[in-house]
Protein chains: 2
Amino acid sequence: MSATNTGVPSPLDTALPTPVPSGEHEQCPVTDVLRRIGDKWTVLVVVLLGQRPYRFNELHRGIEGISQRMLTRTLRGLEADGLVRREVFATVPPSVEYSLTPMGATLLEPLSALADWAIENQPAIAASRRATSARTNNLSAG
Amino acid sequence: MSATNTGVPSPLDTALPTPVPSGEHEQCPVTDVLRRIGDKWTVLVVVLLGQRPYRFNELHRGIEGISQRMLTRTLRGLEADGLVRREVFATVPPSVEYSLTPMGATLLEPLSALADWAIENQPAIAASRRATSARTNNLSAG
DNA sequence: CTGAATCCCTAACGATACTG
DNA sequence: CAGTATCGTTAGGGATTCAG
């Protein structure tokens, strides 16, 4: 199972030559993507759009806690990256439909792998965090 | 290839029942993990430690641009999550060795899938971004 | 060598109000 | 309905300094 250096061909090696890229402003694509999808809402939006196209307020209602501002920014970012398509229908109450592009849809697969890992390991992680904070409290208390 | 709703069993569906979890403070494990590994340095550290154990300053030199502060915080976070193990050797110049735990090593696999995707799609994403900013400039200029 | 502590800046985020 | 504009708060992150 160990993916350290035997099992996995590791495309990460390709992305991280030797000392780590990050020359100055040019980050490696992996980091770039991680920072994009690591924000607070992008994954939720992508996952919802993976089910079917959504309209703006539909997403707004579907993602509890998101503000219009952040929903707009998230969608704009995904659109700029070519992961989401935005279709405007000039109807009388104007409506806008968002959907994944083909490239956006392919993101669901690696995302699923990571989600799988997250779900599987979340209990262990949570337990580890609790143990750590308990240990920290002990140090404070004596 | 479409992973929209036919090909992939989508563990995301498990994580996102219908309207999206996020009751109030309790986020879904996927979002939680994404925010953890989506920060600026975690992935780089995990990838390096995936090759072999590293000492503190070795990591510091290996990851160009990281500050001691952030390296420490990143390692502490990973340690608290049970993904990284910290071993202190009480030698005369004290040395500390960091390595992936077994659970940490399993993270390399889904990370590779995502890295694969990132590397493969990075050109398209970059092109899309350029096209978008060019379009924005056109609106401003004309 | 391996950090912890402090200060400061910026980007991200959220709430609210306003517009086509 | 689908946004934009503005403002205030907070969290992430960097530089520097100090300590075991």
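Reminder, nothing fancy here: chain letters follow the sequence lines and each chain counts from 1.
With values rounded to the nearest 0.5 angstrom, Arg73(B) atom CZ is found 13.5 Å from Lys40(B) atom NZ. Between the CG atom of Leu108(B) and the CD atom of Gln51(B) there is a distance of 9.5 Å, given to the nearest 0.5 Å. Taking CD1 of Ile66(A) as the start and CH2 of Trp41(A) as the end, the distance is 5.5 Å to the nearest 0.5 Å.
Going from atom CZ of Arg76(A) over to atom P of dC13(C) covers 16 Å, rounded to whole Å. Distance OH (Tyr54(A)) to P (dA2(D)): 14 Å, rounded to an integer number of Å. Atom C1' of nucleotide dG3(C) and atom CZ of Arg73(B) are separated by 14 Å, given to the nearest angstrom. The CG-P distance, from Leu59(A) to dC1(D), rounds to 13 Å in whole Å. Rounded to whole Å, the distance from NZ on Lys40(B) to C1' on dT10(C) is 11 Å. If you take CG of Leu75(B) and P of dG13(D), they are 14 Å apart, rounded to a whole angstrom. Rounded to an integer number of Å, the gap from Arg55(B) CZ to dT2(C) C1' is 9 Å. Atom CD in Gln68(A) sits roughly 10 Å away from atom C1' in dA17(C) (whole-Å rounding).
Looking at the side chain of Arg86(A), the nearest of the listed nucleotides dG3(C), dA2(D), dT2(C) is dA2(D). Of the candidates dT6(C), dG3(C), dC13(C), dC13(C) carries the atom nearest the Arg35(B) side chain, counting heavy atoms from C-beta on. Here the nucleotide nearest the side chain of Met70(B), chosen from dC13(C), dA2(D), dG14(D), is dG14(D). Proximity note for Arg69(B) (side chain, C-beta onward) versus dA15(D), dG3(C), dT4(D): the nearest is dA15(D). The side chain of Val96(A) sits closest to dG3(D) out of dG3(D), dC1(D), dG3(C).
Residues Ile66(B) and Pro94(B) both approach DNA chain D. Their nearest nucleotides, taken by heavy-atom distance, put Ile66(B) toward the 5′ side. Mapping Val88(B) and Gly38(A) onto DNA chain C via the closest heavy atom, the residue that lands nearer the 5' end is Val88(B).
Within 6.0 Å of atom CD in Glu87(A), more than 12 heavy atoms from other residues, nucleotides or ligands are found, so the atom counts as buried in its surroundings.
Using a 4.0 Å heavy-atom criterion, one finds that Phe89(B) contacts no nucleic acid atom at all.
The side-chain hydrogen bond (donor to acceptor under 3.5 Å, both in side chains) test with Arg36(A) singles out one residue from Thr74(A), Asp81(A), Thr42(A), and that residue is Asp81(A).
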